[in-house]
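Start at 1 and go down the list; that is how both ligands and their atoms are numbered.
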Amino acid sequence: MDLNDALEIVRPHLKTQRYEHTVRVVDTAVKLAKQNDVDQHQTELAAAFHDIAKYHPKEEMERTISSEPKLPKDLLEYHHELWHGPVGAYVIENKYGINDEQILNAIRYHTTGRAHMGTLEKVVFLADYIEPGRKFPGVDEVRESAWKDLNQGCRHALKNTINFLMSKKQPIYPDTFQAYNDLTRYLNN
Ligand code: DGI
Ligand code: FE
Ligand code: FE
């Protein structure tokens, strides 16, 4: 499967704006991948598929999470925005036959992050945050750190997201804290 096949598969799952976001994530992820010695083909597929489940019906995602033993049940206690990564990885593996665990993990953890992310996971996580269409407060500073250092960039994005969620009095999924703690320990040593 090449990038065009992946984009053709994902397109009918998405609204136009989300498809355009996806194309920008692919582009940004490929640039980050080049800087960080990550395989371009894996990057293209992971980035193309990362939001495949974004508009799948909530009830359907809920059923998948409840019934699929591999999916963590605690997701159901958190915001449904967090479901599309793990469910997306499940769909990609089971419906489209992708079994590259690095690609699946990059899709699975693209929203929350997690401790000990692999380099491809970091690339997709950060590309999703900094693609040129993003207008989050503080995104330019994250862009600057991202192009200097992938780990600094990820930590910066995680810090902003944690701050944002806290300011909205929203719960924070443990993997997000663990991703932040892991990168902070690593960068402080
Ligand atoms: O799917 P996208 O809009 O491209 O981006 P995403 O997958 O990062 O988006 C999901 C949103 O989920 C993000 O803007 C913040 C929100 N969110 C809610 N709870 C959490 C969370 N994000 C993280 N990292 N951790 C949470 O616990
Ligand atoms: Fe997403
Ligand atoms: Fe996205």
Any idea which heavy atoms bring [X] and [Y] closest together, and the distance?
X    : Y    : answer
Y78  : L82  : CB-CD1, 3.7 Å
Y109 : D175 : CE2-OD2, 3.9 Å
A48  : L3   : CB-CD1, 4.1 Å
D182 : H116 : OD2-N, 2.7 Å

- Are there protein heavy-atom neighbours of atom 14 (O) of ligand 1 below 4.0 Å?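 So atom 14 (O) of ligand 1 lacks protein heavy-atom neighbours under 4.0 Å.
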
Closest approach of any protein heavy atom to [atom], naming residue and atom:
atom                    : result
atom 24 (N) of ligand 1 : T111 O, 2.8 Å
atom 2 (P) of ligand 1  : R18 NH1, 3.2 Å
atom 1 (O) of ligand 1  : K54 NZ, 2.7 Å
atom 19 (N) of ligand 1 : L82 CD2, 3.6 Å
atom 25 (N) of ligand 1 : T176 OG1, 2.9 Å

- Query: For ligand 1, is any non-hydrogen atom under 4.0 Å from L165's backbone (N, CA, C, O), its side chain (CB onward), both, or neither?
  - Reply: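 Looking at L165 and ligand 1, just side chain atoms fall under 4.0 Å.
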
- Any non-hydrogen atom of Q170 lying under 4.0 Å from ligand 1?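 The answer is no: ligand 1 sits nowhere under 4.0 Å from a heavy atom of Q170.
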
- Does the K73 side chain pair with the main chain of L71, one donor and one acceptor, at a distance under 3.5 Å? yes

- Query: Are any of the side-chain nitrogens in K70 or E93 under 4.0 Å away from the carboxylate oxygens of its partner?
  - Reply: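 Result for this pair is yes, salt bridge flagged.
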
- For E141 and H156, does a side-chain donor sit closer than 3.5 Å to a side-chain acceptor?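 No, no side-chain donor-acceptor pair sits under 3.5 Å.
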
- Query: Looking only at N/O atoms, are Y173 and ligand 1 under 3.5 Å apart anywhere?
  - Reply: yes

- Item | Of the listed options H21, R134, E81, H79, closest to atom 16 (C) of ligand 1 (non-hydrogen atoms) | E81

- Could you pull out, from L158, D128, T112, T161, the option with a heavy atom nearest to atom 22 (N) of ligand 1? T161

- Query: NZ/K31 to CD/Q35 distance, rounded to the nearest 0.5 angstrom?
  - Reply: 10.5 Å

For [X], the ligand 1 atoms whose distance to one of its heavy atoms is below 4.0 Å:
X    : value
H110 : 7 (O)
H84  : 1 (O), 7 (O)
I172 : 27 (O)

- Item | V38 vs K122 side-chain heavy atoms within contact, under 4.5 Å | no

- Message: Are the side chains of I107 and I103 in contact, using a 4.5 Å heavy-atom criterion?
- Response: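 With C-beta onward as the side chain, the pair touches.
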
- What protein N/O/S atoms sit under 2.8 Å from the Fe ion (ligand 2), by chain and number?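 Those protein N, O or S atoms (cut-off: under 2.8 Å from the Fe ion (ligand 2)) are D51 OD1, H84 NE2, H110 NE2.
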
- Query: Can you list the residues that meet the salt bridge (charged side-chain N to carboxylate O under 4.0 Å, His left out) rule with D100, with sequence neighbours excluded?
  - Reply: none

- Mutual orientation of the aromatic rings belonging to Y129 and F136 [parallel < 30°, tilted 30-60°, perpendicular > 60°]: tilted

- Could you tell me how the ring of Y96 sits relative to the ring of F49: parallel (under 30°), tilted (30 to 60°) or perpendicular (over 60°)? parallel

